[in-house]
Amino acid sequence: MSQILIKNAQIITMDPNDTILTGDLLIKNDTIAAIGENLQASAVDKVIDATGRIVIPGFIQTHIHLCQTLFRGQADDLELLDWLKKRVWPLEAAHDEESLYYSALLGIGELIQSGTTCIVDMETVHHTHSAFQALADSGFRALSGKCMMDHGDEVPKLLQEDTHESIQESVDLLEKWHNYDNGRIEYAFCPRFVVSCTEELLVNVRDLSAKYDVKVHTHASENRGEIALVEAERGMRNVVYLDHIGLANERLILAHCVWLNDEEKEIIKKRGVKVSHCPGSNLKLASGIADVPNMLDREIFVSLGSDGAPCNNTLDMFHEMRLAATLHKPAYGPTAMKARKVFEMATIGGAKAVGMEDKIGSLEVGKKADLAILNLNKFHSYPSSEVDPISRIVYTANSGDVETTIINGKIVMENRVMKTIDESIVLKEANRAIKRLLKKLPSIQ
Ligand code: GUN
Ligand code: FE
C-alpha cells in the first residue's frame, strides 16, 4: 500500500458544508483516507510539507480536444466554420499515430501543470487509440472518445466516415478502454455536432450510450452559422432536434450552448442535459456569450472547459475561471458569477457533469485523491491576510502557482517537475510533429 501525507496546508474541500481548514490530508493508494488536524500515520511513504500552501480539488474540464493541442497558433482569428474547414479539419486529417500521441501528451502536460486532473475529451476521427495510450501512460483521468463524422461536404475525405464503420470503431474503442485502470479512463461517444452527423448515426449513439451507460459528448449551438445549417437541414432548432431524436438526457454533455432560445433551455433543464461553458473559445472564435447566469437561474448544470488549443489558445483553467467570473458582470451586474460559484463549476460542478460526484470534485474521505497544491505566496496574490482564499484562486492565481498535482493518488507533478511525462521529449516531438503535418496539408483533399 502506498501512503502520502500532506501536512499543514490550507485545504479547500468543496464538501457539502464548504469546509475550509488548516491541517493534513492522508492518501492511501488512490483514495483520500483522512482529513484533519495533526494526522498521524504509520508507514507513510511520503510526507509533503505544505505549510503556507493551499490544497484544492483538481479542476475538471468538461470540454477539451487533446488531438488539437499541436494546432495551437495554427488557426487564429477565424470564426468557427472557417476555422474548421480551412485549418482544423485538414490538420486533423493529417494526423498520424505518433503526432496524435504527442498532441495528447502536450495537452495533458499543460493540464497537469495548471491543476486540471480530469477532462471530457473529444478526439479526431482516426488514431484515437494513441490518445488513450497517452492518457494511460500519463496517469491522467478522462472520459474520451473518437470523433464521429458521417455527414457533410467540405470535410477532407480522410475524415468522412461510413456510418457503420464509425459506430463499430467507437464500440471497439469503448470495449478496449472503458473502465481502464479501475475507471480512471471512461469512454464517451463523441458525435462532432449535428452538422457532421446523420440521424442514423445519432440514433445509434443514443441507443449505445444507454446500452453501455456511457456519456455522449458533442458540440451544440456554438455559432449562428451552425444553428442555421441545422435548422435548414433538420427543420428544427438544434437542441429541439437533439430532444426530438431522444438524445437529450442526463448522459448528454453539450459544449458551448451560446445560441439557445427559452424552449431549448427548458429542454436542457427538463432532461438533465449538462452544459460545458467555454468562454475563452467562445470569445476567440467570435461565437458569442453563453447566457450562463440565466442557465444557472434555471438550475441547469453548467461546468467549464477550455476547448481545443487552437481556439483558446490555452488549456489553463485559471484563465477560464477568470473569464467565466468576469464575462457576465457588465450585463448582469457585479454580483453575477461570484468567485465561489465559478470555483464550484470548476470542481464539484464538473464532477456532477460526468456523473462522478461521489468519486471526484471535492476533497472528502473515501473520494479519489485528485488534487492540486498551490503556492500563492507571491506578489501577484498578496496580501493573503483577511482575503477569501477562493477569491485569490479565481481572481489572482495562474497556472505557474500550481506546485504539485496528484491524480488517483499518484504524484504526476511535484514542485513543477513532471513525473509521468518527459517534458523535453514532448516539447521536441511536438515541434517535429506539427512541421510534418503542415508539410502534408497541401495534399489533403
Ligand atoms: N464544432 C464542431 N467541431 C468543433 C471543434 O473542433 N471545436 C469547436 N470549438 N467547435 C466545434
Ligand atoms: Fe470543441
Side-chain angles (χ1 to χ4, degrees), residues 61-72 74-95 100 103-104 107 119-126 128 131 142-156 159-161 166 188-197 201-202 215-230 233 238-239 242 252-259 274-290 303-315 320 323 353:
Q61 298 209 37
T62 52
H63 183 61
I64 292 266
H65 304 258
L66 292 176
C67 63
Q68 294 177 2
T69 323
L70 275 192
F71 316 154
R72 194 194 322 267
Q74 298 296 340
D76 288 343
D77 309 330
L78 292 163
E79 68 81 43
L80 176 70
L81 298 175
D82 281 343
W83 179 87
L84 288 169
K85 287 182 212 166
K86 292 183 178 159
R87 300 299 291 172
V88 170
W89 282 341
L91 282 162
E92 284 190 16
H95 254 314
L100 192 67
S103 186
I119 57 170
V120 183
D121 172 49
M122 178 184 291
E123 284 306 312
T124 182
V125 173
H126 302 295
T128 302
L143 295 84
S144 181
K146 87 169 222 80
C147 179
M148 306 173 87
M149 304 177 71
D150 70 334
H151 180 64
D153 14 279
E154 300 186 79
V155 177
L159 297 186
Q160 293 179 10
E161 295 186 284
S166 179
F189 288 101
C190 296
R192 187 160 208 137
F193 57 165
V194 170
V195 174
S196 292
C197 298
L201 182 117
L202 294 170
K215 302 283 180 271
V216 177
H217 174 211
T218 190
H219 298 95
S221 307
E222 172 178 5
N223 167 286
R224 275 182 281 199
E226 169 209 350
I227 59 170
L229 279 173
V230 174
E233 235 189 36
N238 197 3
V239 174
L242 291 172
L252 183 66
I253 301 168
L254 295 181
H256 304 291
C257 293
V258 176
W259 298 100
K274 314 299 189 294
V275 172
S276 180
H277 176 41
C278 306
S281 167
N282 293 342
L283 288 169
K284 183 157 180 283
L285 292 174
S287 299
I289 295 175
S303 50
L304 295 175
S306 53
D307 208 348
C311 58
N312 193 315
N313 293 0
T314 170
L315 307 183
E320 235 46 44
L323 283 178

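In this text, all values refer to a predicted model and were calculated from it rather than measured experimentally. In listed order, ligands and their atoms are each counted from 1.
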Could you tell me, atom by atom, which parts of ligand 1 come under 4.0 Å of a heavy atom of [X]?
| X | value |
| --- | --- |
| L84 | 2 (C), 3 (N), 4 (C), 5 (C), 6 (O) |
| H65 | 5 (C), 6 (O), 7 (N) |
| F193 | 1 (N), 2 (C) |

So I64 and D307, do their side chains get closer than 4.5 Å, heavy atoms only?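 Side chain of D307 against side chain of I64, heavy atoms only: no contact under 4.5 Å found.
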E161 with K146: basic N within carboxylate O range, under 4.0 Å: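 The answer is yes: the pair qualifies as a salt bridge.
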Nearest-0.5 Å distance that lies between atom [atom1] in [X] and atom [atom2] in [Y]:
| X | Y | atom1 | atom2 | answer |
| --- | --- | --- | --- | --- |
| N282 | C257 | CG | SG | 9.5 Å |
| S196 | M148 | OG | CE | 12.0 Å |
| W89 | T124 | CH2 | OG1 | 10.5 Å |
| L80 | K85 | CG | NZ | 9.5 Å |

[atom]: which protein heavy atom is closest, and how many Å away?
| atom | answer |
| --- | --- |
| atom 9 (N) of ligand 1 | D307 OD2, 2.7 Å |
| atom 10 (N) of ligand 1 | E222 OE1, 2.7 Å |
| atom 6 (O) of ligand 1 | R192 NH2, 2.7 Å |

Find, among atoms of H63 that are N, O or S, the one nearest to the Fe ion (ligand 2), and state its name.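 This turns out to be NE2.
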Which atom, among the N/O/S set of D307, is closest to the Fe ion (ligand 2)?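 Answer by atom name: OD1.
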Would you kindly specify which portion of [X] sits under 4.0 Å from ligand 1, judged on non-hydrogen atoms: side chain, backbone, both or neither?
| X | answer |
| --- | --- |
| L80 | side chain |
| F71 | neither |
| H256 | side chain |

Can you give the angle H65 NE2 - the Fe ion (ligand 2) - H219 NE2, rounded to 10°?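 That angle works out to 90° after rounding to 10°.
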Touching ligand 1 at all, Q68? Heavy atoms, strictly under 4.0 Å?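 In this structure, Q68 qualifies as a contact of ligand 1 - some heavy atom is under 4.0 Å.
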We want to know whether S306 and Q61 form a side-chain donor-acceptor pair, criterion being a heavy-atom distance below 3.5 angstrom.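 A pair is found: one side chain offers a donor N or O, the other an acceptor, under 3.5 Å apart.
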Check whether the side chains of D121 and S144 place a donor and an acceptor atom closer than 3.5 Å, and report yes or no.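 A donor-acceptor contact under 3.5 Å links the two side chains.
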Would you check if the Fe ion (ligand 2) lies under 2.8 Å from any N, O or S atom of C311?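 Here the distance criterion (N, O or S atom, under 2.8 Å) is not met by C311, so no.
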Heavy-atom donor-acceptor pair, T69 side chain to A104 backbone, under 3.5 Å: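 No.
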How far apart are the closest heavy atoms of R192 and H219, and which atoms are they?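 Nearest heavy atoms, R192 then H219: O-ND1, 2.9 Å.
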Proximity winner for atom 4 (C) of ligand 1, if only heavy atoms of K284, H219, E226, M149 are counted: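 Nearest option to atom 4 (C) of ligand 1, by heavy atoms: H219.
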